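Excluded from the calculations below are hydrogen atoms, water molecules and symmetry mates; all remaining heavy atoms, backbone and side chain alike, are included. Below, chain A is the first sequence line, B the second, and so on; all start at residue 1. Keep in mind that what you see is a predicted model, and the values were worked out from it rather than measured.
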Number of protein chains: 2
Amino acid sequence: MPDQPSHKPPSPAAGEAPAELRADARRNRERVLDAAREVFAARGVDAPMSAVARRAGVGVATLYRRFPTRSALVTAAFEDQLAVCASAFEEAMADPNPGHGLYTLLEKVCTTLVTDHGFETVFMAGFPEALHYDRERACAEERLAHLVQRARDAGQLREDFAPADISLLLLAVSGLAAQPPETALPAARRLLTYLFQSFQAHPPSRPAPLPPAPPLDLSGLHRPLPVRTATVRP
Amino acid sequence: MPDQPSHKPPSPAAGEAPAELRADARRNRERVLDAAREVFAARGVDAPMSAVARRAGVGVATLYRRFPTRSALVTAAFEDQLAVCASAFEEAMADPNPGHGLYTLLEKVCTTLVTDHGFETVFMAGFPEALHYDRERACAEERLAHLVQRARDAGQLREDFAPADISLLLLAVSGLAAQPPETALPAARRLLTYLFQSFQAHPPSRPAPLPPAPPLDLSGLHRPLPVRTATVRP
DNA sequence: GAGTAAGTGGAGGGTCTCGTCCACTTATGA
DNA sequence: TCATAAGTGGACGAGACCCTCCACTTACTC
């Protein structure tokens, strides 16, 4: 085995931030991620890979070389948003008023969920490909329980409130995400307000006013059937 | 043009209940509808048509002959459930206690939504192929507004309650429908209770107890990515 | 400026689903 | 029992998408 002097630097970190990519490759990677965010937000995370490639002005092969599976692309595309959620968590833990911290946290997360359809899917799917996901989740679970406990101890949550109600709330909000953001956002805010008023241990006899009602009527529910439209027949 | 004596009866009603089908055809139609309900509930309304046909023990052509488009099949398959909802509406209108009527109506509808994933999709999509849909919807809208107004007049709903909040509630519940029924059903009940307590005009200082919390934690949110899985590569 | 390996694009084979066509089967009525 | 038209099943062409392969291009090093 001949010793070949390698010209490459010793590849400092084989982590997830590939710093040793060639300049053009790095540039393309970014373009793909941008395109993915746009396409996924508009057409859902099951949009054709070729659509993402086209939007990025890149061949399909380039896309697959960088992100071998769809999940890898999806995960990478929404890492930033995920970081936002994580930092919101930190803030909530640091808030001296646990009830307020919890409310603010959920409002932030729900706003993100409802604004970006792609992210909603990813968040709800638990992006199983994300390396740190299991650790992340266990940690989140624990911290959330702690947050809830603190709020309940402070007399800010009713006795029979359960940590599962947080999941319940997230699922409920995700149901709004199919609507266009200009509807979904006020809807989410109003839903959160309703729920938080119910979560309170000692509701005031005259409940606080609600944020404005979303522009929703029964016809506003229209969500297109996920029909497999092959060819339009003549 | 020779006058051919037609042996067929004068085709009494060309409506949607094809009574003039041959016996075996009518039988097959029913089998297809049963299969469709099962397959759609299990795999969503975008399951392959061939899967429905196979399950019904019928060729694809038979299926397409009876239901030329997927929407037609979907609509027909869930007509019964729709009728249940409609009759629940009637009951609600007839209830002398408007608040109770409204609550019962929503509980019934939500239970159906959350129990049958196929129906949830159809309901939320507004099944645009259903002939009477537009009429139906306008009518529903009107009756719902009436119901809400009655309940508010009776002092059972808070002043700032809006009819749009009904849509909000339905969307929220539809977010639970992705969970398996044994989770989604208690979740829906609990969500409804929370919301109704918030809807009340004069909440008691000590809110009524909640139904049991659903078995949900953050990992329970896991919803599979709608990934386009083509071929498993070796 | 030249050598080289990393990077790239697009063609193409494979798979899945759609929806139609047509030769065969079967219920129905005389 | 038989004639007949309604009904049926499976094959099949078309289209969408997945993902890999390979000849070509380009950034980087000396």
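The number of heavy atoms from other shown groups lying within 6.0 Å of CD (E90(B)) is above 12.
Taking each heavy atom of R190(B) and P214(B) in turn, the nearest pair found is CD-CD, 3.8 Å. Heavy atoms only, all atoms of each residue included: R37(A) and A77(A) are closest at NH1-O, 2.7 Å. Of all the heavy atoms in V173(A) and C110(A), the pair that sits closest is CG2-SG, 3.6 Å.
Here the side chain of T75(B) pairs a donor or acceptor atom with the backbone of S71(B) at under 3.5 angstrom.
In this structure, the CD atom of E20(A) is 9 Å from the P atom of dG7(C), given to the nearest Å. The nearest whole Å value for the distance from the CG atom in L21(A) to the C1' atom in dT8(C) is 13 Å. In this structure, the CZ atom of R66(B) is 11 Å from the P atom of dA6(D), given to the nearest Å. As a whole-Å value, the separation of R27(A) CZ from dT26(D) P is 12 Å. Atom CG in D24(B) sits about 12 Å away from atom C1' in dA5(D), given to the nearest Å. The distance between atom CZ of R70(A) and atom C1' of dC18(D), rounded to the nearest whole Å, is 9 Å. The distance from atom CE of M49(B) to atom P of dT20(C) is 10 Å, rounded to the nearest whole Å.
By the 30° and 60° cut-offs, the orientation of the rings of F119(B) relative to F78(B) is tilted.
Taking only side-chain nitrogens and oxygens, R26(A) never comes nearer than 4.0 Å to OP1 or OP2 of dA27(D). Residue N28(B) has no polar side-chain atom (N or O) positioned under 4.0 Å from OP1 or OP2 of dG7(D).
With V52(B) as the partner, the side-chain contact (heavy atoms from CB on, under 4.5 Å) test is satisfied by one option alone out of V58(B), V60(B), L63(B), L33(B): L63(B). For the pairing with L106(A), the side-chain contact (heavy atoms from CB on, under 4.5 Å) check across L195(A), T111(A), L169(A) returns one residue only, L169(A).
Between dT28(C), dT8(D), dT26(D), one nucleotide has an atom nearer to the side chain of R22(A) than all others, and that is dT26(D). Nearest nucleotide to the side chain of A25(A), out of dA5(C), dC18(D), dT8(C): dT8(C).
Within residues 50-65 of chain A, the residues that place at least one heavy atom under 4.0 Å from DNA chain C are, in residue-number order, G57(A), V58(A), G59(A), A61(A), T62(A), R65(A).
Rounded to 10°, the helix from dG1(C)-dC30(D) to dA30(C)-dT1(D) has 10° between the axis fitted to its first five pairs and the one fitted to its last five.
Remark: D24(B) pairs with R22(B) by the side-chain hydrogen bond (donor to acceptor under 3.5 Å, both in side chains) rule, at least two apart or across chains.
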